[in-house]
Structure formats: C-alpha cells, structure tokens
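What follows is one structure encoded as structure tokens, with my remarks underneath.
Please read these numbers as outputs of a predicted model, since none were measured by experiment. Side chains are part of it too, since the values below use all heavy atoms of this structure and drop only hydrogens, waters and symmetry mates.
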Amino acid sequence: MNRVAFVFTHAPHGSSAGREGLDAALATGALSDDIGLFFIGDGVLQLNTQQQPEAIESRHYAPTFGVLALYDIEHCYLCQESLTARGMQVDAARVMDVTLLSAVELRQTLAGYDRILTF
C-alpha cells in the first residue's frame with residue numbers, strides 16, 4: 001500500500017485549500033493505513049486554537065482535525081522553523097497533537113512517503 005502525505009502550506013481561511021486538504025485526508029484515511037499530515041509555512045496556522053473565522057463569515061473547520069484518530073491518521077508533523085518565523089510559541093496549545101520537527105527532520109520524514117499532496 002502506498003504511503004500518502006498531505007502537506008498543508010496555506011493559512012486556514014484565506015482559501016479553501018486547508019479545508020479541502022483535510023477532507024481529502026479523511027477520505028483517503030478510509031482507504032489507506034499509512035497517512036501523514038505535514039504543516040509547513042503558513043500551514044502551521046491551521047492548528048491555531050485562537051482562530052475566529054466567524055469574523056469573516058467562514059466555516060470553522062479546525063475542530064475536524066480532532067477526528068483524524070477515528071480514521072487511523074496518527075502521523076502529524078509540524079515544522080518548528082515555520083512556527084518561529086511566524087512568531088508562534090513552540091509549546092502553544094493546538095487543535096490536535098503533533099510531532100514538532102526541524103525543517104531537516106521534516107524533509108527526511110516526508111521523503112519516506114510514496115505520494116505527496118499539497119494543499
């Protein structure tokens with residue numbers, strides 16, 4: 001079975017990319033046992049607990065990240081350098097548990113996947 005990685009690179013509510021990536025990951029989770037989620041660049045904002053999408057009349061889909069475990073999606077990685085570059089705390093609360101990796105470690109982990117989808 002192919003290992004599939006979903007890479008989130010966009011902020012949560014500026015486009016539909018984050019929501020579409022999450023939906024695709026959940027749909028793929030029903031078919032594959034080896035899925036990884038990677039949050040890089042502005043994608044680290046997807047996991048911010050302080051989101052207020054109601055202010056721009058957007059749907060708050062971040063809580064849906066909490067159901068990933070039901071689909072056996074347990075490999076989730078967050079880029080430490082991306083957090084730091086955006087002034088975010090490494091130990092801040094997030095909408096789900098993730099493994100914090102340096103950019104080098106993240107690239108090495110991502111290289112182990114057969115298919116990479118970017119959102």
Side-chain angles (χ1 to χ4, degrees):
M1 183 56 94
N2 284 330
R3 298 183 75 209
V4 182
F6 291 86
V7 181
F8 293 83
T9 62
H10 291 87
H13 302 290
S15 73
S16 62
R19 185 176 58 248
E20 290 172 0
L22 180 56
D23 289 345
L26 292 172
T28 304
L31 305 171
S32 177
D33 290 336
D34 205 350
I35 295 175
L37 272 56
F38 294 79
F39 298 88
I40 303 169
D42 285 343
V44 299
L45 301 171
Q46 295 281 343
L47 305 179
N48 185 356
T49 60
Q50 303 302 315
Q51 296 178 38
Q52 298 177 349
E54 305 82 24
I56 59 169
E57 298 183 17
S58 183
R59 179 177 159 249
H60 190 41
Y61 65 88
T64 308
F65 282 109
V67 303
L68 291 171
L70 298 174
Y71 290 81
D72 294 324
I73 300 173
E74 299 169 349
H75 303 287
C76 302
Y77 307 98
L78 186 62
C79 179
Q80 183 172 351
E81 282 86 343
S82 295
L83 281 177
T84 304
R86 284 150 188 81
M88 299 176 72
Q89 298 295 322
V90 172
D91 58 351
R94 296 191 176 75
V95 297
M96 63 182 229
D97 292 331
V98 292
T99 301
L100 195 63
L101 297 176
S102 70
V104 171
E105 293 170 321
L106 195 133
R107 281 191 297 274
Q108 290 170 343
T109 304
L110 187 58
Y113 284 82
D114 302 310
R115 302 285 180 253
I116 300 172
L117 303 168
T118 304
F119 293 90

Tyr77: partners by ring-ring contact (aromatic ring centres under 6.0 Å, His included), with sequence neighbours left out: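 Per chain and number, Tyr77 pairs via ring-ring contact (aromatic ring centres under 6.0 Å, His included) with Phe38.
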For Met96 against Leu47, the heavy-atom pair lying closest together: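 Shortest heavy-atom contact: CG-CD2, 4.0 Å.
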To check you understand the geometry: which heavy-atom pair defines the closest contact between Arg94 and Gln89, and what is its length?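 Here Arg94 and Gln89 meet closest at NH2-O, 3.1 Å.
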According to a hydrophobic-cluster definition based on side-chain heavy atoms being under 4.5 Å apart (Ile, Leu, Val, Met, Phe, Trp, Tyr only), do [X] and [Y] belong together?
X	Y	answer
Leu68	Leu117	yes
Ile40	Val44	no
Val90	Leu101	no
Val98	Leu106	no

From the options Phe6, Phe119, Phe65, select the one residue that forms a ring pair (Phe, Tyr, Trp, His ring centres under 6.0 Å) with Phe39.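 Between Phe39 and the candidates, ring pair (Phe, Tyr, Trp, His ring centres under 6.0 Å) is satisfied uniquely by Phe65.
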Would you call [X] and [Y] a side-chain contact if the rule is heavy atoms closer than 4.5 Å?
X	Y	answer
Gln46	Leu22	no
Asp42	Arg86	yes
Leu70	Leu26	no
Thr109	Thr99	no

Say you draw a straight line from CG of Leu37 to CD of Glu74; how long is it, rounded to the nearest 0.5 Å?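 Reported value, rounded in 0.5 Å steps: 12.0 Å.
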To the nearest 0.5 Å, how far apart are CG in Asp34 and CG in Asp114?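 If we round to the nearest 0.5 Å, Asp34:CG and Asp114:CG are 8.5 Å apart.
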Using the side-chain hydrogen bond (donor to acceptor under 3.5 Å, both in side chains) criterion, which residues pair with Glu105? Sequence neighbours excluded.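 Applying side-chain hydrogen bond (donor to acceptor under 3.5 Å, both in side chains) to Glu105 gives Ser102.
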Partner residues of Gln108 under the side-chain hydrogen bond (donor to acceptor under 3.5 Å, both in side chains) criterion, sequence neighbours left out: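 Listed in chain order: nothing, the list is empty.
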Sequence neighbours excluded, which residues qualify as side-chain contact (heavy atoms from CB on, under 4.5 Å) partners of [X]?
X	answer
Arg107	Ala103, Val104
Ser16	Arg19, Glu20
Thr9	Val7, Thr118

